[in-house]
Novice: 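After the structure tokens below, expect a handful of questions from me.
Nothing here was measured: the structure is a model prediction, and the numbers come from that model. Numbering of ligands and ligand atoms starts at 1, following listing order.
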Amino acid sequence: MQMKKLYGGIEAGGTKFVCVIASGPSHIVDEIRFKTTTPDETLGRAIKFFQPFISSGQINTIGVGCFGPLDVTPESPTYGFIAATPKPGWSNTNVLGILRGALGIKIAFDTDVNVAGLGEYKWGVSQGYDPSLYLTIGTGIGGGYIKEGRPLVGLLSPEMGHLRIPHNRELDPFVGNCPFHDDCFEGLASGPSIEKRLGVPGATVPENDPFWNLEADYIASALMNYILTLSPKKIVLGGGVMQRGFLFSRVRWRVRELLNGYVANKSLLENIDDYIVPPGLGNQSGSLGAIALAMQLEERVKDSRV
Ligand SMILES: [Zn+2]
């Protein structure tokens, strides 16, 4: 019997790390999850997890989706580094260099949201939809845009969470909590901004609280901008805030209201329930996306040998 080729994947999040050995969602051989602490301890645990699979020859490529801000420009001298971050101890950590040095195998590297978007495109709910957009709305807000099967990286990795959106200060006097822009999308609609504004975590705010209409309006405003500029064929909304499932119908309704018929496409006019959707891979978009990223790297290496 021919065994499917295995890959390593790391979802390197700001709060937790997930390391997997898999060939896809239906074949996950091993997996561990642990809290993100110091770089030494956290990367050390990941390295220890992968070493036996590498020395036995079971894997020779790993994909990593890492929290940011991150340098993902291969030509840059700080490629693979985490830039200045409020997360203690992680500023200027050479994540890619540490992993490469310890593991000695090929490593593909990208942002956590790009990689989660790739996972949803390869095996999840945006399969067959190109281009597609994955957005996480949680501790932070970020987006991964997948075009021609690859995450879009240009001058830098897009920072979709910091979009400027309308803020009616009479309706919402909260100044916002982005340290760079105050009331950008992330500053107004992320999990911490909700908690700061209301004094309690969003998870405990009842569904009938009028705040949620405001939240849906902010999300819909941002989505309108992505729809008009990026024209994704599918929009996946993940992250802690979107665990409040009732938000989906409100966001869909508000997107249609804001667009006001201007984008006359069936997906928006008739099938919006299938257009703005939760992740198909649940909490595994990131770790499986890292597997998909490793596969893409191996394909590129093969191609370049021809
Ligand atoms: Zn911002």
Novice: Relative to Tyr145, does Lys147 satisfy both conditions: NZ or CZ under 6.0 angstrom from the six-membered ring centre, and within 45 degrees of the ring's axis?
Specialist: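 So Lys147 doesn't make the cation-pi contact.
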Novice: Identify, by name, the N, O or S atom of His162 lying closest to the Zn ion (ligand 1).
Specialist: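 Of all N, O or S atoms in His162, the Zn ion (ligand 1) lies closest to ND1.
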Novice: By atom name, which N, O or S atom belonging to His181 lies closest to the Zn ion (ligand 1)?
Specialist: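 Of all N, O or S atoms belonging to His181, ND1 is the one nearest the Zn ion (ligand 1).
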Novice: With the Zn ion (ligand 1) at the apex, how many degrees lie between SG of Cys178 and SG of Cys184, rounded to 10 degrees?
Specialist: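 Angle SG(Cys178)-the Zn ion (ligand 1)-SG(Cys184): 110°, rounded to 10°.
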Novice: So, the side chain of Thr36 versus the backbone of Gly13: is there a donor-acceptor pair under 3.5 Å, distance only?
Specialist: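 It does hold such a pair.
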Novice: Identify the two heavy atoms, one from Met160 and one from Leu230, that lie closest to each other, and give their separation to 0.1 Å.
Specialist: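 In this case the closest contact between Met160 and Leu230 is CE-CD1, 4.0 Å.
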Novice: May I ask you to test the Pro69-Thr85 pair for a side-chain heavy-atom distance under 4.5 Å?
Specialist: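 Of all side-chain heavy-atom pairs linking Thr85 with Pro69, at least one is under 4.5 Å.
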